[in-house]
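Because only heavy atoms are used, hydrogens play no part in the values below, and waters and symmetry mates are left out as well, while side chains stay in.
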Amino acid sequence: MTSDLIQTLTLARKAAKITQAEVAERAGLSRMAVQRTETGDVDPRFSTLQEMARVLDMDLIAVPSALRAQLQSFIQSGGKFLAQPQGADAPPSIVARL
């Protein structure tokens with residue numbers, strides 16, 4: 001899971017055309033810490049990943065394992081259904097109005 005997150009952060013950094021040094025400076029980290037995190041040479045602290053995400057205009061959230069499947073379904077549905085009993089009509093999604 002952490003490697004997926006690190007890959008996502010790395011891709012976001014590259015897409016934003018931000019260097020590792022720029023991420024490090026904005027996040028209050030060393031360039032070496034960002035580099036070693038991206039290459040998988042270290043097992044980063046959550047706070048390190050959180051600061052890197054913040055710089056990239058992203059948020060990290062912790063989700064209880066018991067809710068992971070429901071959250072994935074919610075995301076895949078475009079945000080239309082969350083904790084709705086199967087067969088129940090859900091109110092129109094905010095996503096549909098965007």
Side-chain angles (χ1 to χ4, degrees):
M1 180 61 80
T2 303
S3 63
D4 291 342
L5 172 57
I6 292 169
Q7 183 178 11
T8 299
L9 292 172
T10 302
L11 292 172
R13 178 186 62 75
K14 290 178 179 179
K17 296 181 175 28
I18 299 173
T19 67
Q20 290 176 338
E22 290 171 318
V23 169
E25 184 179 331
R26 295 177 194 177
L29 303 167
S30 70
R31 186 198 54 78
M32 186 62 82
V34 173
Q35 179 185 16
R36 293 181 73 202
T37 296
E38 287 189 0
T39 59
D41 291 342
V42 296
D43 186 11
R45 297 161 84 178
F46 182 80
S47 59
T48 298
L49 297 172
Q50 192 172 30
E51 283 305 305
M52 289 174 65
R54 180 189 59 77
V55 167
L56 298 167
D57 201 27
M58 300 170 75
D59 289 315
L60 298 184
I61 59 170
V63 176
S65 296
L67 296 177
R68 186 173 180 190
Q70 287 179 312
L71 180 59
Q72 285 176 325
S73 294
F74 175 69
I75 292 168
Q76 290 170 347
S77 74
K80 295 179 183 173
F81 310 103
L82 182 62
Q84 281 293 101
Q86 193 163 9
D89 288 333
S93 170
I94 185 71
V95 173
R97 288 185 257 161
L98 299 177

Donor-acceptor contacts under 3.5 Å from residues 40-48 side chains, at least two apart:
{"from": "Asp41", "atom 1": "OD2", "to": "Thr39", "atom 2": "OG1", "distance (Å)": "3.0"}

Query raised in the report: If you round to the nearest 0.5 Å, how far is CG of Leu9 from OG1 of Thr37?
Result: 9.5 Å
Query raised in the report: If two hydrophobic side chains count as joined below 4.5 Å and joins carry through other members, does Leu11 share a cluster with Leu5?
Result: no
Report task. Please examine the side chains of Leu49 and Ile6, heavy atoms only from C-beta on, and report whether any two atoms are closer than 4.5 Å. Result -> yes
Report summary line: So CD of Gln20 and OG of Ser30: to nearest 0.5 Å the spacing works out to 10.5 Å
**Report entry** More than 12 heavy atoms from other groups under 6.0 Å of CD on Gln72
**Finding:** yes
Requested in this report: Using side-chain hydrogen bond (donor to acceptor under 3.5 Å, both in side chains) as the criterion, list what pairs up with Glu22, not counting sequence neighbours.
Outcome: Thr19
Query - Pairs meeting criterion side-chain hydrogen bond (donor to acceptor under 3.5 Å, both in side chains) with involvement of residues 51-61, two or more places apart - result: Glu51-Arg54
Query raised in the report: Taking all atoms of both residues into account, what is the closest heavy-atom pair of Ala27 and Met52, and its distance?
Result: CB-N, 4.4 Å
Requested in this report: State, yes or no, whether a side-chain contact exists between Glu38 and Arg13 at a heavy-atom distance under 4.5 Å.
Outcome: yes
**Report entry** Crowding at CE, Met32 (>12 non-hydrogen neighbours, <6.0 Å)
**Finding:** no
